[in-house]
Amino acid sequence: MKVAIVGAGYVGLVTSALLASLQHVVTCIEYNPKRLRALLAGKVPFHEPGLDELVADGIYDGNLHFSGVMDPVQDADVVYLAVGTPTAPDGSTDLTFVEQAAQSLARHLRGGTTVVVKSTVPVGTGDMVEAILDAHARSSARYDVVSNPEFLREGTAIQDALNPDRIVIGSKTRRGAMTVMQLLMQIDSEVVVTDRRSAELIKYAANSFLATRISFANTMAQLCDEMGADVEAVMRGAGLDRRVGTAFFRAGLGYGGSCFPKDVTSLIHEGKRAGVSMEILEAVVSVNDELPRIYIDRLKASLGDLRGQTVAVLGLAFKADTDDVRESRGILLVRELLREGAVVRCYDPEAMEQAHLELTNCQVFYGGSAMATCQAADAVVVATDWPEFRKLDYESVHNHMRGNLLLDGRNYLDRDAITAAGLLYFGLGRNILRGPNLVSEKMVA
Ligand code: UDX
């Protein structure tokens, strides 16, 4: 099939490369001239493992093209809208880019096109897109508007897109649903076909529940610290109940990124507008918002007033395997530490450039490596779960530091190795002297 994709961000570019790999002929439309220039030169403008190769293959096979104008939609069987939907100041979702894309699309639309909304959008946005097309498209144009939300995670986007847990299709017409199913038929996955509004709400339900799990784990971790329990044992022991599951139960600095914070805030806003109490999600947000303060307080408990104290922050991306710093807890921690008057040194394996942009006018030292960043630090905070931070030589870290406090903001470091190196370890809910480590042992008869 011929596909046009409006927007070359994470979702748009991954979807373009994926569909090209399925031998569809895809044109990805990007208005941002800098980003378009990079794409036309075959360069992916952000870090996403495997995407460079997938894009290069699509270009080489002649299945993947880039454009700065809407014209390619004229001969497309399917047009995806994958434009940004940022959070507005009042917590609602800003649909300006969706509206603009729909209006521009309407002027180019010919008969028989399936318009697919891929962006994460509030319930009812598909109806809005359809109304814009009805108002502005040529009378001869025939089209269906379908919702096909994306569930990829940054850092694992390719595998998530190739092996989704499910494909969700929301359509008013059988024709619209069948077209998207045909487009994606090579992907082996459960398919949920429903109405458009339900498809739109499924995305928010999934992300909000995942965020809820994380805030629940963080609440349990704080209980563990007050009650002398071990959060890893507690969350594993509870999670082995098949009805609970163990995924997204890791406590620490909390969730960040371009999705969870935005999607939960949007659902709270839309829910309240619909007259539904959204207390459960408001509590999820408030637990998440409080977490960085716990780490600042832990630093103060050991170092006293942070003014003039040197703190090394390892990890600025919102998670490992990305250079995305949107709503990153590492960045947030840097800002909090600067507000406390600390001297901040920071490092990230991939996100240094993005961090510089995010922290303009902030007086921070950017280290060339994790070890160099720890030099003369009174404390070290690991804020992103990069594998390299788990493999550090902690003896050497301790020798580089001035102090001996290491805070594990992602509860993934080897606590025993860190304490064996003479460092004082802190991890949320991981602070008791544990018995034998039987948490992961399988008891055999
Ligand atoms: C998320 C959803 O997982 C994905 O399905 C959706 O399409 C987009 O939003 P993403 O934001 O890319 O994906 O990353 P994810 O791996 O979900 O992590 C989100 C945040 O939660 C990160 O800051 C991560 O550090 C944090 N997290 C994740 C935890 O704090 N604890 C966990 O157990 C898991």
Side-chain angles (χ1 to χ4, degrees), residues 151 153-156 160 165 205-257 259-261 263-264 279-295 297-298 314-315 318-321 327-330 332-333 381-387 389-390 406-419 424-444:
F151 300 99
R153 287 165 295 172
E154 292 182 31
T156 54
D160 289 350
D165 291 338
N207 268 12
S208 298
F209 184 67
L210 291 169
T212 302
R213 287 180 67 91
I214 294 168
S215 283
F216 180 77
N218 279 310
T219 300
M220 289 299 114
Q222 295 171 66
L223 280 176
C224 287
D225 277 343
E226 295 310 317
M227 298 177 169
D230 173 47
V231 70
E232 280 198 307
V234 169
M235 300 320 288
R236 180 164 174 73
L240 285 174
D241 179 321
R242 278 189 289 271
R243 297 166 301 174
V244 176
T246 55
F248 279 64
F249 256 1
R250 186 178 289 282
L253 278 161
Y255 60 81
C259 297
F260 284 177
D263 293 355
V264 175
E279 283 164 11
I280 186 168
L281 291 183
E282 287 171 326
V284 166
V285 172
S286 111
V287 166
N288 199 56
D289 287 349
E290 291 307 306
L291 295 166
R293 176 51 49 190
I294 293 174
Y295 292 81
D297 290 348
R298 184 64 189 78
L314 301 184
F318 84 91
K319 64 182 280 197
D321 291 329
E327 300 289 327
S328 152
R329 311 305 273 182
L332 198 154
L333 213 52
V381 187
V382 175
T384 307
D385 50 345
W386 284 104
F389 299 151
R390 194 174 153 75
L406 190 148
L407 276 60
D408 176 2
R410 289 294 164 197
N411 276 15
Y412 81 120
L413 299 177
D414 183 340
R415 180 180 179 282
D416 298 339
I418 290 168
T419 41
L424 197 55
Y425 174 91
F426 172 82
L428 197 59
R430 287 184 89 195
N431 297 303
I432 60 160
L433 287 176
R434 236 181 7 222
N437 185 6
L438 298 180
V439 167
S440 50
E441 305 287 317
K442 209 166 176 57
M443 294 302 191
V444 290

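Being a predicted model, the structure only gives us computed values, none of them experimental.
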How far does CZ of R213 sit from CZ of F248, to the nearest 0.5 angstrom? 9.0 Å
A side-chain contact here means heavy atoms from C-beta on lying under 4.5 Å apart; do L406 and L413 qualify? yes
Judged by atom type as modelled, is there a donor-acceptor pair below 3.5 Å linking the side chain of D230 to the main-chain atoms of N431? no
Can you measure from OH (Y425) to OG1 (T419) and round to the nearest 0.5 angstrom? 9.5 Å
Pairwise distance CZ(R430) to SG(C224) - rounded to 0.5 angstrom: 11.5 Å
Check step by step if side chain to side chain contact (heavy atoms under 4.5 Å, CB included) holds for N288 and R329. CA-CA 10 Å; N288 199 56; R329 311 305 273 182; 3.3 Å; yes
Value for CD1 (I294) from CD (Q222), rounded to nearest 0.5 Å, stands at 3.5 Å
Would you indicate whether the side-chain heavy atoms of L428 and Y295 approach each other to under 4.5 Å? yes
Heavy-atom closest contact (V244 atom, A238 atom, distance): CB-O, 3.5 Å
Atom pair CZ/CG of R250 and N411 - distance to nearest 0.5 Å: 7.0 Å
Under the 3.5 angstrom rule, does the side chain of K319 hit a backbone N or O of E154 as a donor-acceptor pair? yes
Decide yes or no for N207 and Y255: does some side-chain heavy atom of the first lie under 4.5 Å from some side-chain heavy atom of the second? no
Using a 3.5 Å distance criterion without hydrogens, assess whether the side chain of N218 forms a donor-acceptor pair with backbone atoms of I214. yes
Closest heavy-atom contact between G315 and A383? O-CB, 3.5 Å
Which atom names give the shortest non-hydrogen contact between A251 and A217, and what distance separates them? CB-O, 3.8 Å
How long is the straight-line distance from CH2 of W386 back to CG of D321, given to the nearest 0.5 Å? 5.0 Å
If every non-hydrogen atom of D225 is compared with every non-hydrogen atom of F426, which pair is closest and at what distance? OD2-CE1, 4.2 Å
Exercise: identify the closest heavy-atom pair between I432 and R415: O-NH2, 2.7 Å
So does L223 have more than 12 non-hydrogen atoms from other groups sitting under 6.0 Å from CG? yes
Between T384 and L314, does the side chain to side chain contact (heavy atoms under 4.5 Å, CB included) criterion hold? Intermediate values first, please. CA-CA 7 Å; T384 307; L314 301 184; over 6 Å; no
pair R410-F389: side-chain heavy atoms closer than 4.5 Å: no
Considering non-hydrogen atoms only, spot the tightest contact between T246 and L240 and give its length. CG2-N, 4.0 Å
Backbone N or O of I418 within a donor-acceptor pair of the D414 side chain at under 3.5 Å? no
